[in-house]
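What you see below is based on every heavy atom in this structure, not just the backbone, and it leaves out hydrogens, waters and symmetry mates. Keep in mind the model is a prediction, meaning the values are calculated, not measured.
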Amino acid sequence: MIHAFIIMQTTMGGDPDILTDFIAPEGTNINGSFFTFTGMRVLLTQETPPPTFHVLKASRAEFPALDGQSVSYAVLEFPTGSVNPPHVHPRASELLFVVQGSLQVGFVDTNNKLFTQSLQTGDLFIFPKGLVHFQFNSDSKNYAFAISAFGSASAGLVSLPNTLFNTTIDDNVLALSFKTDVATIQTLKKAFPP
């Protein structure tokens, strides 16, 4: 008699639950400064918006006090006509708040359905964890400014254009995948220098 056994394993990605109030690197002087991030102050002294899309982050890498807290933050600055290209955050959902201007946003679910929305100042939009999404300032006259909150201290970022065209994935594999020729792939790669 043959017995079949099914082994089921669940894999989860995200921040671990911690058994203490907070996590601090060994040897860190713990006082109020440890729990304070001053990296966003530059936004208050900036006289003009950046010329290209710009992100200022407060994640575990920049702000170690976030370790184990399951939260991080990013400020997104969109000059006219700029885009935050299609990307994925593998370890967190993203809650976007439009502070100034307007944005065209969207994500694609696992059934390849595109969900889009035009956002105005004061609107919030959720991008589910691990799904491809984007933001675009289609306004030809006005800058846009948004804040994103993430459900992880280290949400991760996989930029699709950079990942596909600035790595060593074989040109033939990309050409077959995109149903084009190698010359087109090589032209696309020129826009993403190492």
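- Taking all atoms of both residues into account, the shortest heavy-atom contact from Ala92 to Gly151 is CB-N, 3.7 Å.
- Aromatic rings from Phe150 and His89 are positioned such that their centres are separated by under 6.0 Å.
- Contact check for Val108 versus Leu131: no side-chain heavy atoms found under the 4.5 Å cut-off.
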Please step through side-chain contact (heavy atoms from CB on, under 4.5 Å) for the pair Phe35 and Ile30, ending with a clear verdict. CA-CA 8 Å; Phe35 300 99; Ile30 305 299; 4.0 Å; yes
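- To the nearest 0.5 Å, atom CD of residue Gln100 and atom OG1 of residue Thr121 are 6.5 Å apart.
- With hydrogens and angles ignored, the 3.5 Å screen pairs a side-chain donor or acceptor of Asp170 with a backbone N or O of Asn172.
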Could you walk me through whether Thr80 and Ser140 pass the side-chain contact (heavy atoms from CB on, under 4.5 Å) check? CA-CA 5 Å; Thr80 60; Ser140 63; 5.5 Å; no
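- Asn162 contributes no side-chain N or O that, together with a main-chain N or O of Asn166, makes up a donor-acceptor pair within less than 3.5 Å.
- Between the side chain of Ser152 and the backbone N or O of Ser154, at least one donor-acceptor pair lies under 3.5 Å.
- By the rule that hydrophobic residues join a cluster once side-chain heavy atoms approach within less than 4.5 Å of another member, Ile147 and Leu124 end up as members of one cluster.
- A pairwise comparison of heavy atoms in Pro161 and Pro85 identifies CG-CB, 3.9 Å as the closest pair.
- Side-chain polar atoms of Glu77 and Tyr143 form a donor-acceptor pair below 3.5 angstrom.
- Annotation for Val132 and Pro86: closest pair CG1-CB, 4.0 Å, computed over non-hydrogen atoms.
- Checked against the 6.0 Å centroid criterion, the rings of Tyr73 and Phe63 do not qualify as a close aromatic pair.
- Proximity of Leu56 to Met40: side-chain heavy atoms (C-beta onward) are separated by under 4.5 Å at one or more points.
- Listed here is the closest heavy atom pair of Ser118 and Asp123: O-OD2, 4.3 Å.
- Val75 and Val83 are members of different hydrophobic clusters when ILVMFWY side chains are connected at heavy-atom separations under 4.5 Å.
- For the atom pair Ser72 OG and Glu62 CD, the distance stands at 8.5 Å (nearest 0.5 Å).
- Between Glu94 and Gln135, some side-chain heavy-atom pair lies under the 4.5 Å cut-off.
- Side-chain N or O atoms of Asn137 include one that pairs as donor or acceptor with a backbone N or O of Pro79 at under 3.5 Å.
- Considering every non-hydrogen atom in both Ser148 and Leu76, the closest pair reads OG-CD1, 3.3 Å.
- Looking at heavy atoms from C-beta onward, Leu119 lies in side-chain contact with Leu96 at the 4.5 angstrom threshold.
- When all heavy atoms are compared, the tightest approach of Gly32 to Thr36 is O-OG1, 2.8 Å.
- Taken together through direct or relayed side-chain contacts under 4.5 Å among Ile, Leu, Val, Met, Phe, Trp and Tyr, Val55 and Val42 form parts of separate hydrophobic clusters.
- Grouping the Ile, Leu, Val, Met, Phe, Trp and Tyr side chains by contacts below 4.5 angstrom, directly or via other members, places Leu43 with Val99.
- Residue Asp171 holds its CG atom at 11.5 Å from OG1 of Thr180, rounded to the nearest 0.5 Å.
- Each of Phe78, Phe136, Phe145, Phe134 was checked for a ring-ring contact (aromatic ring centres under 6.0 Å, His included) with Phe53, and the lone residue meeting it is Phe78.
- Side-chain atoms of Phe178 and Leu164, non-hydrogen and from C-beta on, do get closer than 4.5 Å to each other.
- Side-chain N or O atoms of Asp67 include none that pairs as donor or acceptor with a backbone N or O of Pro64 at under 3.5 Å.
- Taking CG of Asp139 as the start and CD of Gln104 as the end, the distance is 9.5 Å to the nearest 0.5 Å.
- Under the 4.5 Å side-chain heavy-atom criterion for grouping Ile, Leu, Val, Met, Phe, Trp and Tyr, Phe115 is connected to Leu103 within one hydrophobic cluster.
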From CA spacing to verdict: side-chain contact (heavy atoms from CB on, under 4.5 Å), Phe125, His133: CA-CA 11 Å; Phe125 192 87; His133 61 282; over 6 Å; no
Determine whether Leu174 and Lys189 satisfy the following criterion, side-chain contact (heavy atoms from CB on, under 4.5 Å), listing intermediate values before the conclusion. CA-CA 11 Å; Leu174 291 172; Lys189 282 186 167 184; 3.8 Å; yes
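- Side-chain contact between Asn142 and Ser102 is absent, with no heavy atoms from C-beta onward closer than 4.5 Å.
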